[in-house]
Amino acid sequence: MKPYCGRILWVNLTTGTFATEELPESFYRMYLSGLGLAASLLYQHIPAGTDPLGPDNILAFVSGLLTGSGSLFTGRWMAAAKSPLTGTWGDANCGGTLSPAIKQCGYDGIFVSGASDHPVYLYVDNHGPQLRGAADLWGKDTIETEELLKKSGGGREPSVACIGPAGERLSLIAGISNDGGRMAARSGLGAVMGSKKLKAVVLAGSRPMGSESPQEMMRLSLPCAHIATHGIPLPSGRVMPLLGALLRHLPATVRMDGRLSVPIFRKWGTCGMDQASVEWGDTPVRNWSGSERDYHRQLSDAIDPDRVLAREQRKYHCYSCPLGCGGVCEWQGRETHRPEYETIGAFSALLMCNDLDTIYAVNDQLNRAGMDTISAGGTIAWAMEAWEKGVITPADTDGLALHWGDPAVVRRLVELMIAREGIGALLADGSLRAARHFGHDSESFAIQAGGQEIAMHDPRLDPGYALHASVEPTPGRHTTGCQVYYDMYHLWTRVPGLPTPLPVSTKAGKYRADATQAAIGVANSCFTQLFNGVGLCMFGAMMGVDHIPVFEWLNAATGWHMTPEEYMETGRRIQTIRQLFNVREGIDASSLAISSRAAGHPPLEHGANRGRSVPLVALMHDYWGRMGWDPGTGTPTAQTLQQLGIQPDTAVGDVPASV
Amino acid sequence: MAYCINEKCIGCSLCARICPVAAIEGHLHSIYVIDAAVCIECGACGRVCPASAIQDATGSTCSHLKRASWPRPEVDFAFCVSCIACIQACPVSCLGLGPPDSRDPHARPVLTLPDRCIGCGLCADSCPVGAITMK
């Protein structure tokens with residue numbers, strides 16, 4: 001059987017009707033599934049200038065092409081729509097169980113248009129879709145909602161994606177929750193769901209999934225499973241900051257092998273990296289103005305990975321993941337997901353806070369509210385600096401003093417943001433909008449790209465983060481590429497012509513803008529869109545394509561005989577369609593560049609990243625040119641569109657009528 | 001292709017009651033019908049039918065089997081990677097995670113509700129590393 005269903009579900013919330021659209025095999029060869037499916041159809045069906053919170057916006061829930069095929073690490077699902085936070089193409093990526101559940105209902109994607117005038121949820125099982133009233137769920141948090149909805153089916157326990165109070169209140173940094181607080185957090189797509197009065201998507205199908213060649217899939221998966229479950233035994237977490245400090249002091253940079261991250265993720269999960277990352281300059285400190293000298297070892301001891309792990313009860317695995325980097329913990333008598341690297345970074349070093357209880361508390365609160373922890377932490381960091389500079393005064397905060405690192409203040413601000421009360425009403429829409437409200441040049445220290453707070457990875461350490469957060473059609477993203485990811489993906493072992501990084505190179509070489517950096521950036525983007533098309537987890541991809549056989553899985557699962565170059569070209573096609581979406585919206589691509597401070601303009605005067613500046617403008621222009629887009633504007637050229645088989649027609653197609 | 005019910009059907013309704021996706025409809029003492037668009041080919045109807053009235057997707061007649069003899073999944077923990085593909089594939093949610101042991105925090109799947117298991121084998125089919133056998 002094919003690994004894709006060959007059809008999608010359209011849901012019109014205004015009329016309460018459904019339609020099924022069949023897609024030919026040629027479509028999947030062109031766009032795979034996942035974000036490729038979403039990009040193609042949303043570009044076709046969302047009219048230019050659509051209000052992201054209006055009924056014309058379309059919210060897609062898509063599964064990966066390889067999900068359920070017998071491959072590993074391929075359980076990621078994605079949501080996509082026009083982002084209300086950035087006004088650009090928007091998408092968000094999540095693990096959990098929704099990706100297989102979409103396919104088990106018989107669809108590769110669910111596309112929701114229109115808006116209901118009352119709260120509803122979408123229920124789908126083997127018999128088809130239904131819209132059900134959700135008045136009794138409106139106002140409940142994501143975990144309560146999911147627990148109630150899991151009892152709603154007649155047969156198997158369903159998978160649920162839902163919003164919490166943040167999405168209902170149209171917070172522009174609201175996400176969509178799945179499987180007890182795994183979050184498709186970015187791009188503000190929870191607000192899109194809230195604007196449609198769609199509380200949840202409940203998927204209870206049980207259709208089999210598979211591939212064209214199950215035996216070959218297993219033959220390919222077994223060595224990959226072995227790598228993911230075996231690694232060197234690790235010592236105590238105390239070693240991690242020492243490792244970070246060592247990397248900081250090394251005069252050269254070493255090519256990273258992603259297999260080394262396997263034992264770290266398997267033992268501690270992503271939180272294994274937090275304290276080390278502060279030390280080597282990856283985690284931003286004090287709203288991107290400080291360094292490890294400010295958030296020194298005595299402070300960062302609070303986020304020693306062993307301390308974070310102490311509350312863990314068991315490991316958490318997303319669907320088809322052999323690694324299990326998540327953790328289920330006990331917090332105040334209830335189960336909660338262990339805070340991830342990003343959440344810990346955003347609520348520790350970024351805010352100068354060293355209270356682990358506060359990190360656990362806000363992680364649970366934000367997951368339950370359905371709010372992006374990266375944007376929430378970044379926005380609070382902006383507010384604390386604004387307080388320090390007198391931009392925000394006690395009159396704005398009802399007397400709350402927004403001092404750096406004060407755990408009580410951090411907790412209170414999170415409560416206010418979730419409730420949209422007091423200053424929280426402004427902060428709930430992110431730092432850029434708050435800065436524009438308060439003025440006084442406070443926009444200069446709202447650290448974001450296109451309005452979305454950038455994640456806890458410092459572009460002054462790895463300029464690839466600056467490039468990708470700036471050229472991504474959904475700006476501000478950290479999972480779309482950087483130089484270290486390229487090291488780990490090992491693409492040059494499968495794709496002829498790509499540069500092979502040296503095992504050891506000078507640190508200064510990272511800060512050049514040249515043809516090699518452009519080639520690396522484009523390869524990262526193409527591969528990212530490829531793995532977002534197939535539902536592959538980035539942590540799996542980090543094992544390197546010579547160890548995680550994504551190209552070989554694709555051919556075995558589909559029966560195709562495509563080359564790695566052809567699959568990479570598919571990634572370029574998806575990236576180009578996403579960029580076309582922004583072009584049609586009239587967005588100036590250069591306006592999506594990350595804030596100057598995060599790019600080292602001016603450079604830091606102390607710490608791991610002192611004196612470092614990223615030649616961002618040159619990197620962006622080189623990237624655009626290499627991608628086949630106009631190097632001056634970032635607009636895909638007619639020649640590129642022709643090469644990729646994309647119709648440069650900006651006319652919007654009709655959403656299929658109900659059947 | 002889905003399963004189908006032929007004219008040998010005695011209308012006992014056992015197939016409709018065991019079907020995990022409610023794909024079978026009919027009235028007592030009349031021939032029941034499988035909705036091919038809903039059927040997941042789990043085979044439970046064929047195993048429960050006392051009249052050998054059910055044919056699988058290849059046209060072969062299914063054999064009645066006492067429930068105590070239905071195959072059950074056995075998970076080889078030496079191969080299992082805790083990826084939960086089996087739990088997700090199960091149409092009756094009879095598999096769940098067992099408690100992690102003190103040496104390994106990665107919990108493994110176990111048959112938490114054995115009475116609910118219909119012996120379909122979808123869990124074994126879904127396992128990427130072949131850690132499940134139906135016995």
Side-chain angles (χ1 to χ4, degrees), chain A residues 67-75 96-101 103-104 106 125-128 150 153-159 179 204-210 214-215 217-222 224-226 228-229 266-267 309 312-324 327-328 553, chain B residues 1-2 18-25 35-44 57 77-102 104-109 112-113 116 118 120-132:
Chain A
T67 298
S69 66
S71 53
L72 294 165
F73 288 104
T74 46
T97 59
L98 203 78
S99 188
K103 281 186 168 175
Q104 287 175 292
D125 64 15
N126 293 37
H127 291 265
K150 280 193 166 175
R156 57 157 299 162
E157 186 175 85
S159 296
D179 210 14
S206 53
R207 295 176 188 276
M209 300 173 284
Q215 287 184 329
M217 293 300 287
M218 190 181 296
R219 188 189 71 77
L220 292 166
S221 294
L222 283 169
C224 175
H226 183 81
T229 52
R266 195 160 168 83
K267 178 172 182 178
L309 209 66
E312 185 175 277
Q313 296 175 322
R314 61 179 166 82
K315 296 295 180 187
Y316 172 85
H317 290 243
C318 297
Y319 175 83
S320 82
C321 175
L323 185 60
V328 177
W553 270 333
Chain B
M1 288 291 289
I18 195 75
C19 178
V21 293
I24 305 176
E25 287 189 342
D35 184 341
V38 178
C39 173
I40 59 170
E41 302 180 24
C42 67
F77 288 177
F79 286 94
C80 174
V81 293
S82 306
C83 77
I84 69 167
C86 52
I87 295 174
Q88 185 71 25
C90 178
V92 292
S93 296
C94 68
L95 286 163
L97 285 174
D101 66 38
S102 56
D104 185 0
H106 298 268
R108 314 288 182 188
T112 47
L113 297 169
R116 201 187 276 188
I118 54 173
C120 65
L122 287 175
C123 51
D125 292 345
S126 72
C127 179
V129 294
I132 302 178

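Below, each value reflects all heavy atoms present in this structure, side chains not excepted, and no hydrogens, waters or symmetry copies.
In plain terms, the two heavy atoms of B:Val81 and A:His317 that are nearest each other are O-CE1, 3.4 Å. Nearest heavy atom pair, residue A:Gly70 against residue B:Pro128, reads O-CB, 3.4 Å.
Contacts of A:Thr229 with chain B are made by side-chain atoms alone, with heavy-atom separations under 4.5 Å and no backbone atom involved. Residue A:Ser159 touches chain B through its side chain alone, counting heavy-atom pairs closer than 4.5 Å. For B:Cys86, no part sits under 4.5 Å from any heavy atom of chain A, backbone or side chain. Only the side chain of A:Gln104 comes within less than 4.5 Å of a heavy atom in chain B; its backbone stays farther off. Contacts of A:Cys318 with chain B are made by backbone atoms alone, with heavy-atom separations under 4.5 Å and no side-chain atom involved. With a 4.5 Å cut-off on non-hydrogen atoms, B:Pro91 touches chain A through its backbone and its side chain both. Of the two parts of A:Leu323, only the backbone, made up of N, CA, C and O, holds a non-hydrogen atom closer than 4.5 Å to a non-hydrogen atom of chain B. Proximity to chain B (any heavy atom under 4.5 Å) is shown, for A:Ala101, by both the backbone and the side chain. Using a 4.5 Å cut-off between heavy atoms, A:Arg266 contacts chain B through both its backbone and its side chain.
Other residues, nucleotides and ligands contribute at most 12 non-hydrogen atoms within 6.0 Å of the CZ atom of B:Phe79.
Atom-to-atom distance recorded for B:Cys94:SG and A:Glu157:CD is 12.5 Å, nearest 0.5 angstrom. Note that the OG1 atom of A:Thr97 and the CD1 atom of B:Ile87 stand 10.5 Å from one another [nearest 0.5 Å]. In this structure, B:Leu122 CG and A:Met209 CE are separated by 9.5 Å, a value rounded to the nearest 0.5 Å. From A:Arg156, atom CZ reaches atom CD of B:Gln88 across 4.5 Å, with rounding to the nearest 0.5 Å.
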Show the numbers, then the answer: is there a side chain to side chain contact (heavy atoms under 4.5 Å, CB included) between B:Leu97 and A:Arg314? CA-CA 10 Å; B:Leu97 285 174; A:Arg314 61 179 166 82; 3.9 Å; yes

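The greatest number of non-hydrogen atom pairs below 4.5 Å with chain B, out of A:Ala228, A:Ser320, A:Ser221, A:Pro100, is found for A:Ser320. No other option in B:Ser82, B:Ala89, B:Cys80 has as many heavy-atom pairs under 4.5 Å with chain A as B:Ser82. Counting heavy-atom pairs closer than 4.5 Å to chain A, the top-ranked of the candidates B:Cys42, B:Cys83, B:Cys90, B:Ala37 is B:Cys83. Ranked by heavy-atom pairs under 4.5 Å with chain A, the list B:Pro20, B:Ala22, B:Ala23 is led by B:Ala22.
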